[in-house]
Each structure stands twice: as C-alpha cells, then as structure tokens.
Amino acid sequence: MSAPANPFKQALARGETQIGCWMSLAEPACAEIMGTAGFDWLVVDGEHGPNDIRSIRDQLIALAASASHPVVRVPIGETWIIKQVLDAGAQTVLVPIVETADQARELVRACQYPPHGTRGVGAMAARATMFGSTSDYIQTADQEICLLVQVENRAGMEALDEILTVDGIDGVFIGPADLSTDMGFQGDSTAPEVRAAIADALKRIKAAGKAPGILGVAEESTQSYLEMGAQFLAVGIDVLILANHARALAKQWKEKAKS
C-alpha cells in the first residue's frame, strides 16, 4: 500500500484556487468543527498558536474525516520539528521566515527520505503509516509531501527569485503582517508600498511555476489578494471569527435590550 495521495498538492499543481482558513485555537474539537465548514484547506498553526506535537497530532486526527486538507505550520524551519509533524501524519508543511535559497533547499531535504533527503526513517511506528499498515510508505511518501515556504521580510523578498528556483517547493506564501512590519509599516499591510511588494511577489511566484499564497483577514484585503492571483488563499482566522462574531452578537442584543 502506497502513501495516500495529497489532494491539496494535486490541486496546486493543476492551478486550482484553494480557499482556506487559519486555526489558532489549538483544540481538536475546534478543528473538527472547522472541518465541517467547507474550506479546501485549514492551517494548524504551530508558530503563533499554543500548539505542541501532541495537539498538532490530535487536530490531524480530528480532521481525518474532513474534506478540508490540513496544513501544518511549524514554529521554525528545523529538521527535527518537520520530522515530527510528518511522522504525525501531516502531508503539507508550511515553514515561516524563509530568507535564502540554501535554507529552502535544506527544508526540501528535511521533507524527503535518504538518499535525497534527511528525514529519519521511523514512520513505520507512527501515524503517518497508520502504524505500519501502509507498507510502501517510505518508498512513496516523498512525492506526496507538499512544502510551502513563507517569504515575509525584506531579506526573503530580495532572495525570492533564487528561492523560486529550488526544486521541491510547491508554493510560496507571503506573510503580509511580518512583511509590512519589516518594511516599517508596523503591520499595516494596506500601505501602498506593501501592496505593491505583495502584488509583485505573487506575480513572480506564479511566473516561476509555484503556487502563490497569502492570508487576508479583512474583506477588502482578501479580495485584493484574490485579484492579484493568490492561488491558496486563507480568508480568516478561527480566533478572530469567534471573537468578532461574539462581540457583534453581544453588542446587537445589548443595544436592542436598551431600546
């Protein structure tokens, strides 16, 4: 039995737009609920969400029956954490703050088994192989792993063209909050200079044959990114969805009660 096909990787290769959402609540029950919403992909955020390898694993389990594909964002691009999330069953990994082509090459190697990569050969005892029941996993896993790298500062933008030459990278995600802050706009991704940089980056990514991605949390920004050509587009964050709707609901009915 081969490693399961990665439908998200296949969709990106076909050029299909994939609409997703961020998950920062770090709870399996919340992930299971999000999995019923109809998104094409969902990010399990290990960088800013309060996650560890067990909570990441539990959210992967919670999403196993969902049509939404889980994308695990690791906290940092280190081989050891990539090894852990792959063995826990992740097939798509998002790595923050990639600044050089050499760094990107090492991330590709971390996602592949020897002799081409450095991934440890221990998955037969892990969830990735359904605990040894996927007999040909090691022989077939590399082609189903999807690697997404985040370019989100000036150094990364300057090295973008070199990063885009690295084989084994499926998509490049632009981080608007980090990029705008590094450019001196303190998180204001609507600044004209930041918008121009994002539009240029998304265009270059697509021209290089990689999938361009980004996160939008306001409708105007999200629409702009879609028009710029973002292919895998996250349109919200679970924490903000809950907080904003709860606040609006409370305000609505408290005002009605006073009238």
Would you find more than 12 non-hydrogen atoms of other residues, nucleotides or ligands less than 6.0 Å from [X] atom [atom1]?
X      : atom1 : value
Met130 : CE    : yes
Arg14  : CZ    : yes
Glu162 : CD    : no

Between [atom1] of [X] and [atom2] of [Y], what distance do you get to the nearest 0.5 Å?
X      : Y      : atom1 : atom2 : result
Lys83  : Thr118 : NZ    : OG1   : 7.5 Å
Ile174 : Tyr225 : CD1   : OH    : 10.5 Å
Glu106 : Glu78  : CD    : CD    : 10.5 Å
Gln84  : Asp52  : CD    : CG    : 9.5 Å
Arg105 : Thr100 : CZ    : OG1   : 8.0 Å
Thr165 : Lys210 : OG1   : NZ    : 8.0 Å

Quick one: does [X]'s side chain have a donor or acceptor within less than 3.5 Å of a partner on [Y]'s backbone?
X      : Y      : result
Thr181 : Gly187 : yes
Gln91  : Lys9   : no
Ser135 : Met1   : yes
Gln231 : Leu12  : yes
Ser133 : Thr129 : yes
Asp182 : Arg154 : yes
Ser66  : Gly35  : yes
Thr140 : Ala3   : yes
Ser180 : Val194 : no

**Message:** Evaluate Ile145 against Asn6 for side chain to side chain contact (heavy atoms under 4.5 Å, CB included), listing each step before the verdict.
**Reply:** CA-CA 7 Å; Ile145 300 302; Asn6 185 332; over 6 Å; no
**Option among Asp170, Val149, Leu86, Val71 that satisfies the side-chain contact (heavy atoms from CB on, under 4.5 Å) test with Val93** = Leu86
Is [Y] reachable from [X] through a run of hydrophobic residues whose side-chain heavy atoms are each under 4.5 Å from the next?
X      : Y      : answer
Leu107 : Ile56  : yes
Phe39  : Phe232 : no
Leu147 : Ile81  : yes
Leu94  : Leu42  : no
Ile169 : Leu148 : no

Sidechain N-carboxylate O distance under 4.0 Å for [X], [Y]:
X      : Y      : value
Asp200 : Lys203 : no
Glu220 : Arg195 : yes
Glu255 : Lys258 : no

What's the shortest heavy-atom distance between [X] and [Y], and which atoms?
X      : Y      : value
Pro96  : Arg73  : CD-CG, 4.3 Å
Ala123 : Asp87  : CB-OD1, 3.6 Å
Ala104 : Ile163 : CB-CG2, 4.3 Å
Val74  : Glu47  : O-CB, 4.0 Å
Ile82  : Cys111 : CG2-SG, 3.9 Å
Val95  : Gly77  : CG1-CA, 3.4 Å

**Asked** Is Lys256 positioned over the aromatic face of Trp253, cation under 6.0 angstrom from the ring centre and no more than 45 degrees off axis?
**Response**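 Yes, cation above the ring, under 6.0 Å and within 45°.
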Under 4.5 Å between any side-chain heavy atoms of [X] and [Y], yes or no?
X      : Y      : answer
Gln252 : Leu249 : yes
Arg127 : Ile61  : yes
Leu160 : Ile205 : yes

**Asked** Are Asp178 and Gln150 linked by a side-chain donor-acceptor pair shorter than 3.5 Å?
**Response** no
**Asked** Hey, are Glu227 and Gln223 close enough side-chain-wise for a donor-acceptor pair under 3.5 Å?
**Response**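 Their side chains do contain a donor-acceptor pair, which is all the 3.5 Å distance test asks for.
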**Prompt:** Please walk me through it: do Phe173 and Leu215 pass side chain to side chain contact (heavy atoms under 4.5 Å, CB included)?
**Reply:** CA-CA 8 Å; Phe173 182 94; Leu215 165 66; 3.6 Å; yes
**Message:** Quick test of your reading: applying side chain to side chain donor-acceptor pair (under 3.5 Å), list the pairs with at least one residue in residues 31-43, sequence neighbours left out, ordered by first then second residue.
**Reply:**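 Sorted pair list comes back empty.
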**Message:** Could you walk me through whether Gln186 and Asp188 satisfy the side chain to side chain contact (heavy atoms under 4.5 Å, CB included) test, starting with their C-alpha distance in whole Å, then the side-chain angles of each, then the deciding distance to 0.1 Å, before giving a yes or no?
**Reply:** CA-CA 6 Å; Gln186 300 302 305; Asp188 180 12; over 6 Å; no
**Request:** Please lay out, stage by stage, how Ile214 and Met228 fare under the test side chain to side chain contact (heavy atoms under 4.5 Å, CB included).
**Result:** CA-CA 10 Å; Ile214 198 165; Met228 290 175 191; over 6 Å; no
**Prompt:** With sequence neighbours left out, what residues match Gln112 under side-chain contact (heavy atoms from CB on, under 4.5 Å)?
**Reply:**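 Per chain and number, Gln112 pairs via side-chain contact (heavy atoms from CB on, under 4.5 Å) with Val108, His116, Asp142.
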What donor-acceptor contacts under 3.5 angstrom involve side-chain atoms of residues 18-30, with partners at least two apart or in another chain?
from: Trp22; atom 1: NE1; to: Asp45; atom 2: OD2; distance (Å): 3.2

